[in-house]
Amino acid sequence: GDEDAEMPEADEEEDASADEDEEEGGRGSKKARGVAKDKTVTKKGNAERKQAMQARAGLQFPVCRFAKALRKGGYTKRLATGGAIYLTAVVEYVTAEILELAGNAAKDQNKKRIVPRHIQVAIRNDEELN
């Protein structure tokens with residue numbers, strides 16, 4: 001009795017669902033039910049998964065496009081998801097860094113838009129990027 005009170009709420013829900021599965025008498029029904037929920041593929045669900053990959057990584061750039069480019073490039077036979085996420089993060093970081101410097105260069109010239117000249121000036125003036 002006291003042990004159940006100390007357990008977190010999530011565990012109680014899992015225990016309750018496990019008890020329900022045992023009452024139904026289905027062999028492995030809990031596992032099958034979980035897989036069925038995860039494997040449901042609809043157009044809406046598919047779009048959410050692609051969005052979720054970059055959202056889970058906390059990125060703005062599309063991870064799936066980088067993964068597709070890596071696969072089609074013929075660089076390797078096998079590609080882990082972490083590789084595509086890492087590449088996406090690096091490209092996003094470098095892009096953000098350049099855009100920040102270019103924005104500062106545009107601001108110095110009292111311009112509200114970044115033009116290619118601002119990007120060039122920003123890269124040339126930066127020690128690490130030059």
Side-chain angles (χ1 to χ4, degrees):
D2 292 335
E3 294 174 3
D4 292 336
E6 294 174 7
M7 295 172 64
E9 293 177 14
D11 291 340
E12 289 175 5
E13 291 173 7
E14 290 175 6
D15 292 342
S17 64
D19 293 340
E20 290 172 7
D21 291 339
E22 290 173 6
E23 289 173 8
E24 291 174 5
R27 190 173 124 190
S29 59
K30 180 180 178 186
K31 197 171 197 179
R33 191 180 301 149
V35 170
K37 285 180 184 175
D38 294 341
K39 292 274 183 173
T40 343
V41 177
T42 59
K43 289 182 181 178
K44 184 178 177 186
N46 198 8
E48 287 176 358
R49 275 198 194 133
K50 288 181 183 175
Q51 206 171 26
M53 189 184 290
Q54 66 199 42
R56 273 183 282 163
L59 300 172
Q60 300 299 315
F61 281 23
V63 175
C64 58
R65 285 192 191 179
F66 281 89
K68 190 189 297 183
L70 281 172
R71 271 187 260 115
K72 287 190 177 181
Y75 303 109
T76 182
K77 292 179 182 176
R78 301 165 62 185
L79 175 68
T81 335
I85 293 172
Y86 197 91
L87 178 67
T88 307
V90 169
V91 171
E92 184 176 313
Y93 171 76
V94 171
T95 304
E97 193 73 25
I98 291 172
L99 281 174
E100 183 181 349
L101 294 170
N104 294 341
K107 202 175 201 180
D108 292 342
Q109 297 177 6
N110 296 324
K111 305 286 184 185
K112 292 189 177 185
R113 286 191 185 143
I114 296 174
V115 293
R117 176 73 181 160
H118 296 141
I119 297 172
Q120 185 181 23
V121 167
I123 292 173
R124 293 268 168 88
N125 289 338
D126 189 66
E127 190 66 33
E128 293 174 350
L129 294 173
N130 191 7

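Note: the hydrophobic cluster containing V91 does not contain Y86 (ILVMFWY, side chain heavy atoms under 4.5 Å, direct or indirect links). When the side chains of ILVMFWY residues are joined at heavy-atom separations under 4.5 Å, either directly or via intervening members, F61 and L99 end up in two distinct hydrophobic clusters. Both Y93 and I98 are part of a single hydrophobic cluster, where members link through side-chain heavy atoms under 4.5 Å apart. Under the 4.5 Å side-chain heavy-atom criterion for ILVMFWY residues, a single connected hydrophobic cluster contains both L79 and L87.
Just one of R113, Q109, K111 meets the side chain to side chain donor-acceptor pair (under 3.5 Å) condition when paired with H118; it is Q109.
We find the CD-CD1 distance between E100 and I114 to be 10.0 Å, quoted to the nearest 0.5 Å. Atom CD of Q54 sits about 9.0 Å away from atom CD of E92, to the nearest 0.5 Å.
Using a 4.5 Å heavy-atom threshold, the side chains of T81 and M53 count as touching.
Nearest heavy atom pair, residue I85 against residue A57, reads CG2-CB, 3.8 Å. L70 and A84 make their closest contact through CD1-CA, 4.2 Å (heavy atoms, listed as atom of the first residue, atom of the second, distance).
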Do any side-chain atoms of residues 121-130 form donor-acceptor pairs under 3.5 angstrom with protein atoms, and if so which ones, sequence neighbours left out?
from: N125; atom 1: ND2; to: V121; atom 2: O; distance (Å): 3.3
from: D126; atom 1: OD2; to: E128; atom 2: N; distance (Å): 3.3
from: D126; atom 1: OD2; to: L129; atom 2: N; distance (Å): 3.0
from: N130; atom 1: ND2; to: R124; atom 2: O; distance (Å): 3.2

